[in-house]
Amino acid sequence: MTAIGAPRLSRRIGEGAFLAFCWLATGIALLALAAILWSLLTQGIGGLDLNIFTKSTPAPGSEGGLLNAILGSLMMCVVAMIGAVFIGVLAGTWLSEFARDSHYGKVIRFLNDVLLSAPSILVGLFIYTIIVAPLKGFSGFAGSVALALIAAPVITRTTEDVLRLQPIALREASVALGAPVWSTILTVIWKAAQGGMLTGALLAFARISGETAPLLFTALNNQFLSLDMTKPTANLPVVIFNFALSAYDDWRRLAWAGALLIAATVLTVTVVARILAREQRRS
Amino acid sequence: MSAVADLPPTVAAAPSRSAFGAAFDKGFEILCFSAATFLLTALGGIVISLAIGGWPAFETFGLNFFISAEWDPVQEIYGAAGAVTGTLVSASLALLFALPLSFGIAIFLVELCPPMLRRTIGTAVELLAGIPSIVYGMWGLFVFAPWFAKHVQMPIMMSVEPGSFWEKITTGVPNGAGILSASIILAIMILPFIAATMRELLLTIPAQVRESAYGLGSTTFEVIRKVSIPYVRTGAIGAVMLGLGRALGETMAVTFIIGNAHGFPTSIFASGSTIASTIANEFAEATERLHSASLIALGLVLFVITFIVLALARLLIGRQANL
């Protein structure tokens, strides 16, 4: 190697190694995803029969399904989403339409972003101390409140983001026609941004439907089928947690089936939300 | 500035045709304001309720709560040091693994990926972020741990020199569960978050800046190292801290695979515990007042740690770009 050739070679090697590393890193991530999905499919599909949807969680050794857990999860998520959409949409609207650059607006925006990634188990502890402990009982509603508190920041954030994208001319046009500010927001701005807001709500739903930690000591669990949300309510994540760590093979099989069910739901909702967001951007 | 409230006063104050409409304007603003304030109250409520709930533990053990690693529900002695160390060690290790990988992925998606595959691979990485924590936990315990024990743990434990420093930090039960396995699972979980934020940051670099570097004859590596990374440095640090914040508070996956042993972690293969895993494991069964107070106090410690990390992350990212 000549004196001129040497640095060239080292540059080429450095470049090659760097590019190879980037490919490798992406490969590792894709491999991890494939491995997880593969395990879910192979371990979960065996337990996924009609019983899952028609029978409640069994005692060890007997036949059963996940009906009570699926129903409980669904109820809690729906109630949580109603609350979270209400709070999140209004809070996001305030940040985008009324607060903008005020100090208080900045504080709220900042704290909302922190709340967005705060450990979910702390939300569970919080709801336990303010709802479960004073009322002396675990309940599905407590679980819903915990989930709502996790979903609301997500919706607030996405709502503010999509509202900010709406052009000023839209607001001016509406107000110039004599519409009051509130009906401008309700019928013009929300309407224009509804696709983006729906995406945000779907992502929030995907996030809470797999959450386990905040339910451990709020909703607890329930072995039986029950629609009463003032009592401990069965839910998929906690059932999976309990069954997966149990010593019984049939419980573990149910846990895998439940995990497959949850992952499939979450991933489908996520993909649908992404596609919706893309369509929105295009139009 | 495109908010309704920012309109010139002449427009906003123009007489409204319906009296109800004008009257409701203020009401609507107050409604929105209350919703925003509710979020603030919730965050404040978390701190206050944890502080009140954990007070008996601070009162009983004082400073010892933070420096003692003894956690003994039978004798009612609780010290947070073990769980705090476990949390910090597992999150730091996770960051160590996730950092280079996620930067590699972000650079791959922005610079190297064939356009045809960009969307597919981008979505795939996002899906990794969407998989629920509990699924990671099950996969980690039943699939990853046995593989890890057989192909990584055993060979390493066999090959280290007895009595050496390496033996000391690799002792443990070769069942695949432990601090290191938990860190690897955590790394996979936080990697998509860091990668996605990094990718957004890299996309904010003006094309001219990168292209002029290429025009001077730089290789991709040199452009990234000397132009792109310095350009987004502040935000990149924020992205990393965001990942760290996630890793610190992650509960279910860690609970499955860390082995749940109290005290200071002794080696990377040994069982340990984190704050979140301790709370998840014990809170529902904690009947003694002091036990549950200690767990809530642990929660407050976790809150303070993650709040500092996340707040710094947001400040740094916010300064870089509006993400």
Side-chain angles (χ1 to χ4, degrees), chain A residues 11 14-15 18-19 21-22 25-26 28-30 32-33 36 39 87 90-91 93-95 97-98 100 108 110-115 117-119 121-122 125-126 129-130 149 152 156 168 171 175 178 180-184 206 210 212-213 216-217 237 240-241 244 259 262-263 266-267 270 274, chain B residues 2-5 7 11 16-17 21-22 24-25 28-29 31-33 35-36 38-40 42-43 46 49 53 101 104-105 107-108 112 123-125 127-128 130-132 134-135 138-139 143 188 191 219-221 245-246 249 251-252 276 279-280 283-284 296 299 302-303 306-307 310-311 314:
Chain A
R11 282 181 71 199
E15 172 80 353
F18 175 70
L19 296 186
F21 174 77
C22 291
T26 312
I28 290 177
L30 295 181
L33 179 69
I36 292 169
S39 312
I87 298 283
L90 289 178
T93 304
W94 187 74
L95 284 175
E97 304 301 316
F98 298 106
R100 278 298 153 117
I108 300 265
F110 178 74
L111 291 180
N112 185 60
D113 278 348
V114 172
L115 202 56
S117 8
I121 189 148
L122 296 184
L125 272 185
F126 172 52
T129 46
I130 65 160
L149 210 52
T156 305
I168 175 83
R171 298 171 170 89
V175 175
V181 172
W182 68 271
S183 77
T184 299
T212 316
L216 286 173
F217 18 83
I240 294 172
F241 179 54
I262 274 201
V266 171
L267 296 187
T270 310
R274 293 282 162 212
Chain B
S2 56
V4 175
L7 291 171
V11 180
S16 174
R17 208 167 285 183
F24 194 58
D25 265 357
F28 185 72
E29 184 176 346
L31 192 67
C32 291
F33 176 81
F38 175 84
L39 292 171
L40 180 80
L43 198 69
I46 293 178
S49 75
L101 288 178
I105 294 168
I107 292 162
F108 176 84
L112 310 175
T123 310
V125 175
L127 286 187
L128 211 50
I131 294 177
I134 190 157
V135 174
M138 280 188 80
W139 184 77
V143 183
I188 302 175
L191 178 154
T219 59
T220 312
F221 181 40
R246 293 239 168 216
T251 309
M252 298 322 289
I279 299 174
F283 193 77
I296 295 175
L302 176 63
F303 183 88
T306 46
F307 185 86
L310 291 173
R314 288 298 170 189

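In this text the structure is predicted, and so the values were computed from the model without any measurement. Chain letters run A, B, ... following the sequence lines, proteins first, then strands; residues in each count from 1. Excluded from the calculations below are hydrogen atoms, water molecules and symmetry mates; all remaining heavy atoms, backbone and side chain alike, are included.
For B/Leu191, the part sitting under 4.5 Å from any heavy atom of chain A is the side chain, from C-beta outward, and nothing else. Proximity to chain A is limited to the side chain of B/Thr306, based on heavy atoms less than 4.5 angstrom apart. Contacts of B/Thr219 with chain A are made by both backbone and side-chain atoms, with heavy-atom separations under 4.5 Å. Of the two parts of B/Met138, the backbone and the side chain both hold a non-hydrogen atom closer than 4.5 Å to a non-hydrogen atom of chain A. For a residue to count as touching a neighbouring chain, one of its non-hydrogen atoms must lie under 4.5 Å from one of that chain's; by this rule A/Leu267 touches chain B with backbone and side chain alike. Both the backbone and the side chain of A/Phe241 come within contact range of chain B, judged by heavy atoms closer than 4.5 Å. With a 4.5 Å cut-off on non-hydrogen atoms, B/Ile46 touches chain A through its backbone and its side chain both. Of the two parts of A/Ala244, the backbone and the side chain both hold a non-hydrogen atom closer than 4.5 Å to a non-hydrogen atom of chain B. Of the two parts of B/Phe38, only the side chain, counted from C-beta on, holds a non-hydrogen atom closer than 4.5 Å to a non-hydrogen atom of chain A.
Looking only at side-chain heavy atoms (C-beta outward), A/Pro180 and B/Phe24 stay at 4.5 Å or farther from each other. Side-chain contact between A/Ile87 and B/Leu39: present, with at least one pair of heavy atoms (C-beta onward) separated by less than 4.5 Å.
Put simply, CG on B/Leu127 and CG on A/Leu33 are 6.0 Å apart, with the number rounded to the nearest 0.5 Å. Once rounded to the nearest 0.5 Å, the distance linking CG of A/Leu115 with CG of B/Leu310 reads 10.0 Å. Residue B/Phe33 holds its CZ atom at 11.0 Å from CG of A/Leu95, rounded to the nearest 0.5 Å. If you take CD on B/Glu29 and CH2 on A/Trp94, they are separated by 8.0 Å, rounding to the nearest 0.5 Å. Atom CG in A/Leu19 sits 10.5 Å away from atom CZ in B/Phe108 (nearest 0.5 Å).
Applying the ring pair (Phe, Tyr, Trp, His ring centres under 6.0 Å) rule to B/Phe28 yields no partners; only residues at least two apart in sequence or on another chain are considered. Applying the ring pair (Phe, Tyr, Trp, His ring centres under 6.0 Å) criterion to A/Phe18, with sequence neighbours excluded, gives B/Phe221.
In terms of heavy-atom pairs under 4.5 Å with chain A, the best-connected choice from B/Ile279, B/Ile107, B/Ile188 is B/Ile279. Counting heavy-atom pairs closer than 4.5 Å to chain B, the top-ranked of the candidates A/Thr129, A/Leu149, A/Val114 is A/Val114. Of the listed residues A/Pro237, A/Ala259, A/Pro119, the one with more heavy-atom pairs under 4.5 angstrom with chain B than any other is A/Pro119. Of the listed residues (B/Ala280, B/Gly53, B/Ala284), the one with the most heavy-atom contacts under 4.5 Å to chain A is B/Ala280. In terms of heavy-atom pairs under 4.5 angstrom with chain A, the leader among B/Val125, B/Ile296, B/Leu40 is B/Leu40.
The two atoms that bring A/Phe21 and B/Gly104 nearest to each other are CE2-CA, 4.1 Å, heavy atoms only. Nearest heavy atoms, B/Leu128 versus A/Ala32: CD1-C, 4.4 Å. For A/Leu30 against B/Ala124, the heavy-atom pair with the smallest separation is CD2-CB, 3.6 Å. Between A/Thr212 and B/Ile134, the closest heavy-atom pair is OG1-CB, 3.5 Å. Here the shortest heavy-atom pairing between B/Pro132 and A/Val266 reads CG-CG2, 4.0 Å. Considering every non-hydrogen atom in both A/Leu122 and B/Gly299, the closest pair reads CD2-O, 3.4 Å.
Of the candidates A/Ile240, A/Ile121, A/Leu216, B/Met252 forms a side chain to side chain contact (heavy atoms under 4.5 Å, CB included) with just one, namely A/Leu216.
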* Would B/Leu43 and A/Phe126 satisfy side chain to side chain contact (heavy atoms under 4.5 Å, CB included), going step by step from the backbone distance to the final call? -> CA-CA 10 Å; B/Leu43 198 69; A/Phe126 172 52; over 6 Å; no
